[in-house]
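Structure first, commentary second.
Atom set for the values below is all heavy atoms of this structure, side chains included, hydrogens, waters and symmetry mates excluded. Note on naming: letters A, B, ... go to the chains in the order of the sequence lines (proteins, then strands), and numbering restarts at 1 for each one.
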Protein chains: 2
Amino acid sequence: MSNHVIIAAGGSGSRFSSDVSKQFVNLAGKPMLMRTIEAFHQSFEKINIIVVLPTDQIQHWESLCEDHNFDIEHKIVSGGLQRFDSVKNGLAEVPARDCTIGIHDGARPLITPELIRRAFEHASENGSAIPVVPVTESLRQLEGGGSRTVNRDEFRLVQTPQCFKAEVIKAAFETEYDASFTDEATVVEANNTPVSLMDGDPQNIKITTQSDLELAEKLLS
Amino acid sequence: MSNHVIIAAGGSGSRFSSDVSKQFVNLAGKPMLMRTIEAFHQSFEKINIIVVLPTDQIQHWESLCEDHNFDIEHKIVSGGLQRFDSVKNGLAEVPARDCTIGIHDGARPLITPELIRRAFEHASENGSAIPVVPVTESLRQLEGGGSRTVNRDEFRLVQTPQCFKAEVIKAAFETEYDASFTDEATVVEANNTPVSLMDGDPQNIKITTQSDLELAEKLLS
């Protein structure tokens with residue numbers, strides 16, 4: 001069964017104090033998107049890597065690849081308005097039916113080949129694999145002008161890659177965008193298919209702010 | 001108005017693969033509890049530091065202080081069965097009425113003097129200060145055998161120091177322990193006093209696992 005990954009790298013980086021698009025920001029010497037791609041390349045001998053980028057950033061990405069002599073094979077696809085649209089465009093590039101498809105945030109460059117392999121394996125056995133980690137701090141829910149403590153043991157933080165059997169994810173994406181689609185799991189659930197959670201990795205952080213970038217630099221050093 | 005901090009260092013470290021109690025584990029060369037105490041010592045010229053330890057660990061702590069020539073003045077108090085009891089014992093050591101009292105996890109050694117000062121100031125103005133950070137990943141709630149996505153924008157992760165005007169926290173702790181008391185904010189709220197949230201610091205992590213310790217080592221390097 002073949003493995004495919006769609007790396008969604010369309011973030012504008014609006015929460016990021018940088019002129020460079022977030023996925024192109026240097027992390028320990030190279031654009032973080034290259035680190036993300038490398039992890040997938042190392043995870044399986046053969047994995048089909050599809051990178052979804054905003055159309056107006058594709059040329060810049062190609063020149064970055066030249067500058068860094070980055071030669072890991074990957075297909076570049078134009079993104080859409082929403083992440084949903086971008087992933088849909090990526091899925092169109094996977095004609096195979098009997099395969100496993102992972103969807104990963106371009107801004108999670110600390111993903112390890114170990115977690116990638118575990119997630120693909122879990123999905124091929126269970127139909128889907130949503131990596132989650134426990135909430136290790138007290139959790140409060142905002143309500144009106146105030147807030148209240150909720151039981152953190154009932155909650156999980158969700159990571160990527162979210163992996164699915166092709167039939168599951170493809171069927172789910174045969175729909176129109178809805179504002180409730182915050183990740184791929186919610187799209188699949190909206191198609192009345194429950195998803196299967198699995199253990200993620202606390203270090204598989206999403207780079208959202210400059211502070212996250214500093215943290216990632218230190219984790220890589 | 002005087003400032004007091006109660007550092008709750010009673011954790012058994014059961015989630016920690018170490019023979020040493022968690023708060024005594026070395027972090028970049030010294031027990032993490034010493035780093036925690038140092039941050040408070042640096043935050044205000046005069047701050048009354050009260051450390052609550054399990055009775056059977058006090059002697060070990062004192063010998064660690066000798067070994068490390070650790071000379072920051074602090075009062076040592078015996079802890080109780082629950083964190084609630086430990087904090088109650090600590091509060092008994094603060095006779096002053098017109099003051100601000102912070103309660104901090106001994107296992108948050110990356111706390112900065114900047115956040116400490118901000119929290120005490122916020123509490124002296126608003127009665128309380130609960131540092132929180134946004135949830136930056138998708139959040140799911142477990143339900144029955146499954147789970148569902150919730151709106152992460154409605155949630156906040158809670159940190160320490162949780163700071164209060166003395167009258168607020170002392171009145172709240174004149175009660176018996178209840179299993180719903182997961183932190184000091186919940187004790188104060190149970191006394192029908194709303195708490196005031198403020199911005200925490202994403203790097204002010206709680207050291208719970210070996211992986212958190214590695215992360216903290218890297219953040220300090």
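Atoms OG1 and CD1, on T136(A) and I207(B) in that order, are 10.0 Å from each other to the nearest 0.5 Å.
Using a cutoff of 4.0 Å between basic side-chain nitrogens and carboxylate oxygens, E154(A) and R140(B) are not scored as salt-bridged.
Neither the backbone nor the side chain of D105(A) has a heavy atom closer than 4.5 Å to any heavy atom of chain B. Only the side chain of E214(A) comes within less than 4.5 Å of a heavy atom in chain B; its backbone stays farther off. Only the backbone of D153(B) comes within contact range of chain A, with heavy atoms under 4.5 Å apart.
A 4.5 Å side-chain heavy-atom check between E137(B) and R156(A) finds every atom pair outside the cut-off.
For the options L215(A), L139(A), V132(A), heavy-atom pairs under 4.5 Å to chain B are most numerous at L139(A).
Of residues 188-197 of chain B, those residues lying under 4.5 Å from chain A by any heavy-atom pair are E189(B), V195(B), L197(B). Proximity to chain A among residues 161-183 of chain B is limited to T182(B), D183(B), judged by heavy-atom separations below 4.5 angstrom.
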